[in-house]
Amino acid sequence: MFPYPSAEGLHVGNMYAFTGSDVFGRFMRMKGKDVFEPIGLDGFGIHSENYALKIGAHPAKQAEISEKRFYEQLHMIGNAYDFERTVETYKPDYYKWTQWLFIRLFKAGLAEKKKAEVNWCPSCKTTLADEQVINKLKVKSEKLKVEASPEVRLGGERGGVCERCETPVEKKELEQWFFRITIYADRLLKGLSRIDWSEKVVLAQKNWIGRSEGARIRFSVLGSQLSANSQSASLLTGQQKTDKLNTENRQQKTDNWSIEVFTTRPDTLFGATFMVLSLKHGIVASLLSSKFKVQSSKLEEVREYVEKSKKKTGLGLDAPDKAKEGVFSGLYAINPATNENIPVWISDYVLMEYGTGAIMAVPGHDRRDFEFAKKYELPIKYVLEKPKSADDKIECWDSQGKIIDSGDWTGWDSEKDFHKILNFLEEKKIGKRELRYHLRDWLISRQRYWGAPIPIIYCCNCWESKLKIKNEKLKIEYGKDYIKIDGKEHAIVPVPEKDLPVVLPFVENFKPLGTGVAPLAQDEEFVNTKCPNCDSPAKRETDVCDTFLDSSWYFLRYLATDSDKVPFPSKSWENPKSEIRNPKQIFRASSFELRASAKRAVWLPVDMYIGGAEHSVLHLLYARFITKALFDLNYLDFDEPFTKFRAHGLLIKDSAKMSKSRGNIVNPDEYIASFGADALRCYLMFLGPYEQGGDFRDSGIEGMERFLKRVKRLVESQSNNVAEQSSIEVKKAVDKAVKGVGEDIESLRYNTAIAKIMTLTNVLYESRGKISKDSLKTYILLLAPFAPFMTEELWERLRLSKIDTDKSADIHGSKNSRKSFAWSVHAQPWPKYDEENITEEIVTIAVQVNGKLRSVLSIKYQVSSREEVESLAREDERVKKYLEGKEIKKVIFVPRKIINFVVNND
RNA sequence: GCCGAGGUGGCGGAAUGGUAGACGUACAGGACUUAAAAUCCUGUGACCCGUUUGGGUCGUGCGGGUUCGAGUCCCGCCCUCGGCACCA
């Protein structure tokens with residue numbers, strides 16, 4: 001994962017991540033793979049801009065400074081980056097293609113502007129995607145306690161905080177650009193089984209996508225006391241989609257009002273003893289608009305409750321751990337299973353955002369419903385057998401089990417007969433099965449300056465002239481719909497691809513305005529443009545793209561950094577499938593370029609991706625979505641971007657997360673300056689299991705420096721004193737290390753890999769003077785991925801040493817081989833080992849009596865038959881003691897490991 | 001509340017069901033040195049017995065279980081960290 005360049009410089013956490021990737025890359029190169037290890041900077045977006053704001057710099061100028069500093073540091077850490085193919089997301093030659101991507105998605109109907117209740121960060125003064133609102137309830141940031149107003153604080157406690165600045169997020173109704181990632185919910189879920197990713201990330205994504213299978217069930221509302229006009233009918237259900245349906249069925253429905261609910265537990269339908277509506281449910285609004293004849297006293301109560309709730313948080317919702325409150329609506333519905341009349345309540349514990357905004361409450365088997373029922377003394381009915389393990393006192397259980405007291409379903413199993421129940425509901429036309437996902441559309445517009453301008457133009461003339469006539473046609477060409485600006489309809493016209501990039505102008509006052517409008521709106525020259533369609537005056541979109549859009553496709557760009565004709569390599573450019581409208585025309589690229597691009601496409605998808613797990617439902621999800629969309633548009637022939645992904649652990653300091661406020665941030669520069677990059681790299685890789693992270697300690701890096709010096713001394717002294725042949729101990733130790741280190745690196749167990757090199761070092765120290773040049777070389781090669789600088793130096797030294805029987809010494813001085821790097825330690829193949837050397841000649845066998853260690857035998861490998869070992873063990877003095885006068889019931893023998901005598905204990 | 005990961009010496013951490021504590025740190029002792037640093041070597045889980053060689057008991061968060069044998073597998077808890085969360 002490429003970093004975002006904070007101007008404070010490379011964080012040691014960055015270096016931890018990058019070194020882990022680099023070790024793997026170098027190892028794979030030595031294993032004969034063709035390795036491309038790219039680097040770039042994710043410098044667009046809120047994080048960079050916030051920093052600029054803080055220090056009072058302009059983000060564009062700050063970007064230059066950060067870039068310089070970051071690349072300097074990235075050069076120092078010793079990674080095998082290809083610095084000729086870097087990408088910087090904030091440069092026009094990059095964001096041109098981010099904009100291209102936007103337009104492509106727009107034309108495919110995957111980008112839309114719509115009005116919705118969105119997350120608004122009052123500090124960053126912009127909207128945020130759901131994924132960028134984090135740690136609901138959990139982050140007890142100082143800001144939450146100190147800075148936020150009580151109202152915001154409540155909202156924050158419930159609604160979470162901004163991923164960037166930890167400010168509690170508010171909700172606002174705004175018109176925003178969304179990517180329709182929800183269309184891909186199912187495929188994003190299913191694709192997870194085809195990729196080799198860290199399990200925790202897979203789980204986090206599954207969780208986030210949140211598939212739930214259940215039923216939509218319709219409850220009739222007792223109509224006798226209602227007389228509504230047909231206008232309000234559509235308000236009866238919560239959702240727009242069903243509104244349309246209801247309008248169509250208006251005639252039938254006037255006498256038969258209904259509330260629809262979504263439930264994942266249709267098996268408990270018989271236990272539904274009341275219903276609860278969200279505050280924002282259509283029926284609540286209808287009630288209050290007095291179109292219903294409900295007892296006036298009830299109506300007043302409802303009005304009072306709704307107003308009170310709304311005031312409470314500004315949103316009408318409470319934190320989940322607060323006592324649930326509600327009010328009876330005065331309405332009754334009919335439980336379609338029991339035909340009983342059940343009361344309809346209104347409460348803020350039901351969310352409009354999920355399901356239908358109404359629930360069937362089953363207090364016997366849902367804790368929230370139970371709490372509510374207890375408080376308002378509503379009836380509780382049990383329709384599932386109480387689990388045997390349950391406490392006697394327990395009054396509510398949400399387990400699966402045998403269904404009871406439920407008509408035809410009595411005796412069924414809630415879990416096994418789930419589909420039977422769904423079928424039953426469908427047959428009886430009570431409800432129908434439904435799949436729901438938690439995932440919501442990706443809000444990608446930001447009311448900020450430092451981002452890629454959304455490449456859209458709004459044209460009033462287009463809408464008024466042509467479009468009124470050929471409305472349908474326009475929808476096809478421009479995606480869909482129109483938006484209103486100053487009360488007038490404007491057609492949404494994407495910027496033609498030949499006009500890309502829409503360059504982000506230099507705006508002196510780039511600060512976020514906080515009015516819901518981006519700073520670019522102040523730039524008249526930018527805003528006012530000509531419609532590419534009809535040439536009449538038009539206005540540009542002034543919001544910019546979410547920075548996560550920049551990074552959702554960057555890995556594709558690395559292989560085409562030299563092309564301004566194609567965004568990324570693709571076989572489709574050369575050999576367009578019918579669905580693509582002639583990409584040659586789009587890009588006007590030469591056939592040579594297209595062929596080169598097709599050739600490079602074989603590098604994709606990414607074979608190994610390493611990064612932080614904090615991007616589980618951010619970057620890693622977005623990149624998968626964008627890849628799938630590009631696959632569907634035939635630009636890519638794969639639909640998962642990263643074949644293998646491994647999340648590295650978190651690097652902490654003094655058992656706490658590194659943060660500015662704690663003042664425990666480690667600056668790699670200082671350590672590189674005093675210990676060298678090699679020592680820091682090795683230490684980072686050694687301090688704990690890479691996928692778990694670890695604690696950074698100064699004494700640790702000192703030890704690593706000591707170790708590297710020890711290696712250096714050893715190699716330097718022994719290279720002038722090499723043996724013809726290594727002693728058998730040396731050979732064995734070296735071969736064992738080759739095997740072990742290789743296996744460890746392959747599975748990212750860098751800490752134990754280094755430990756094995758240390759063990760080998762200790763053996764070599766004992767065997768000074770008995771080490772051959774080949775053994776020394778192998779030794780250096782093992783360390784090469786971890787300590788690239790020092791091993792190169794030692795390699796060179798060894799090659800030049802006087803006593804040299806190796807032909808490769810001739811290479812020195814040859815310009816060609818220098819250029820091809822064949823001389824380099826990093827261009828050498830990973831050493832091989834002799835299996836025979838791995839097997840020990842002398843094995844130690846533990847002798848146990850009743851599972852307790854009593855003695856250890858050293859036995860020749862060949863002498864490994866059960867009988868031989870057993871008789872040797874019986875003769876052992878220490879063992880004899882325990883066997884004397886005892887009856888041996890059994891002897892367990894594991895070849896080359898253990899022999900265990902089982903005896904009577906009395 | 002749900003879903004993950006984890007809990008092992010003073011510390012960071014090793015251990016395909018088979019000698020727990022590899023490797024490193026820290027500490028102690030020795031060698032080298034006028035001395036210190038650096039380096040090299042040795043020791044180091046706790047407790048008990050033995051003047052020494054040595055021997056023994058206990059020991060991987062807690063309580064059970066499976067097994068000849070459990071850090072590792074199973075059941076029930078406790079704690080820490082991470083993710084999700086009135087998602088119906």
Side-chain angles (χ1 to χ4, degrees), chain A residues 134-138 158 160 199-208 210 212 214 261-265 268 272 276 278 317-322 324 347-351 353-362 366-369 371-372 389 398 436-438 613-614 616-617 649-650 652 655 657 683 686-689 691-704 706-707 709-710 713 749 751-762 765-766 844-857 878 881 889-894 896-903:
Chain A
I134 53 153
N135 275 351
K136 310 195 173 183
L137 282 176
K138 218 170 181 187
R158 196 208 76 261
E199 207 176 337
K200 59 175 171 178
V201 174
V202 170
L203 280 164
Q205 290 211 356
K206 272 187 188 163
N207 230 331
W208 186 257
S212 45
V261 301
F262 173 72
T263 178
T264 54
R265 295 300 301 268
T268 61
V276 188
S278 161
L317 289 166
D318 248 326
D321 51 353
K322 281 198 181 146
K324 305 192 184 334
S347 172
D348 58 7
Y349 88 87
V350 174
L351 301 175
E353 289 79 28
Y354 190 79
T356 61
I359 61 158
M360 61 178 217
V362 185
D366 182 286
R367 261 199 46 212
R368 297 154 303 180
D369 297 344
E371 270 175 52
F372 197 77
S389 57
D398 55 9
R436 284 199 164 264
Y437 297 92
H438 164 245
E614 69 272 16
S616 296
V617 294
L650 198 64
I652 58 176
S655 3
K657 206 171 165 175
Y683 175 60
F686 183 66
L687 53 68
E691 293 183 69
Q692 266 174 51
D695 208 337
F696 189 97
R697 284 156 66 242
D698 284 1
S699 62
I701 190 167
E702 282 162 22
M704 190 53 73
R706 209 174 301 159
F707 166 69
K709 280 183 178 165
R710 197 167 141 87
R713 270 196 305 275
R749 294 191 309 258
N751 56 333
T752 50
I754 291 175
K756 279 166 188 158
I757 300 173
M758 287 171 166
T759 307
L760 173 61
T761 306
N762 293 340
Y765 255 87
E766 285 165 24
T844 49
I845 293 186
V847 185
Q848 299 182 337
V849 178
N850 282 352
K852 285 199 172 176
L853 182 72
R854 294 304 174 191
S855 182
V856 174
L857 297 174
R878 279 168 295 186
K881 259 192 342 200
K889 287 163 71 183
K890 204 173 173 186
V891 179
I892 311 283
F893 176 67
V894 182
R896 295 183 288 283
K897 286 241 163 95
I898 205 161
I899 185 159
N900 186 14
F901 295 95
V902 186
V903 301

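Throughout, a chain's letter reflects where its sequence line sits, starting with A, and its residues are numbered from 1. As the structure is a computational prediction, the values presented were derived from the model and not from experiment.
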Partner set under side chain to side chain donor-acceptor pair (under 3.5 Å) for A:Arg854, not counting sequence neighbours:
A:Tyr882

Identify, with sequence neighbours excluded, every residue that meets side chain to side chain donor-acceptor pair (under 3.5 Å) alongside A:Ser212.
A:Tyr354

B:G55 OP1/OP2 closer than 4.0 Å to side-chain N/O of A:Arg878
yes

Partners passing salt bridge (Lys or Arg N to Asp or Glu O under 4.0 Å) against A:Arg878 (at least two apart in sequence or in another chain)
A:Asp876

Would you please name every residue forming a side chain to side chain donor-acceptor pair (under 3.5 Å) with A:Asn751, sequence neighbours left out?
none

Is the shortest side-chain N/O distance from A:Lys890 to OP1 or OP2 of B:C68 below 4.0 Å?
yes

With A:Phe696 via ring pair (Phe, Tyr, Trp, His ring centres under 6.0 Å) - residues at least two apart
A:Tyr671, A:Tyr683

Under 4.0 Å, counting only non-hydrogen atoms across every strand here, what does A:Gly210 touch: a base, just sugar-phosphate, or nothing?
nothing

Approximate separation, where rounding is to 0.5 Å, of A:Thr844 OG1 and A:Lys897 NZ
10.5 Å

Would you mind building the protein contact string for nucleotides 10-22 of chain B? One character per nucleotide, 5' to 3', B for base within reach (heavy atoms under 4.0 Å), S for sugar-phosphate only, - for untouched.
-BBSS-B-BB--B

Those residues that, when tested against A:Arg265, pass salt bridge (Lys or Arg N to Asp or Glu O under 4.0 Å) (two or more places apart)
A:Asp267

Summary of protein contacts for nucleotides 44-50 of chain B, nucleotide by nucleotide, where a base hit scores B, a sugar-phosphate-only hit scores S (4.0 Å, heavy atoms)
-------

Ignoring backbone atoms, test whether A:Lys852 places a side-chain nitrogen or oxygen under 4.0 Å from the OP1 or OP2 oxygen of B:C58.
yes

Paired runs of 3 or more consecutive Watson-Crick or G-U pairs involving RNA chain B, with both pairing distances under 3.5 Å, are B:1-7 with B:78-84, B:10-12 with B:23-25, B:26-31 with B:39-44, B:45-49 with B:54-58, B:61-65 with B:73-77

Sequence neighbours left out, what passes side chain to side chain donor-acceptor pair (under 3.5 Å) with A:Asn762? Give chain and number order.
A:Arg710

Contacts of A:Phe686 meeting ring pair (Phe, Tyr, Trp, His ring centres under 6.0 Å) (sequence neighbours excluded), chain-then-number -> none

Please determine whether a side-chain nitrogen or oxygen atom of A:Arg710 lies at a distance below 4.0 Å from atom OP1 or OP2 of B:C40.
yes

Taking only N and O in the side chain of A:Tyr765, is any of them less than 4.0 Å away from OP1 or OP2 of B:C40?
yes

Using the salt bridge (Lys or Arg N to Asp or Glu O under 4.0 Å) criterion, which residues pair with A:Asp366? Sequence neighbours excluded.
A:Arg368

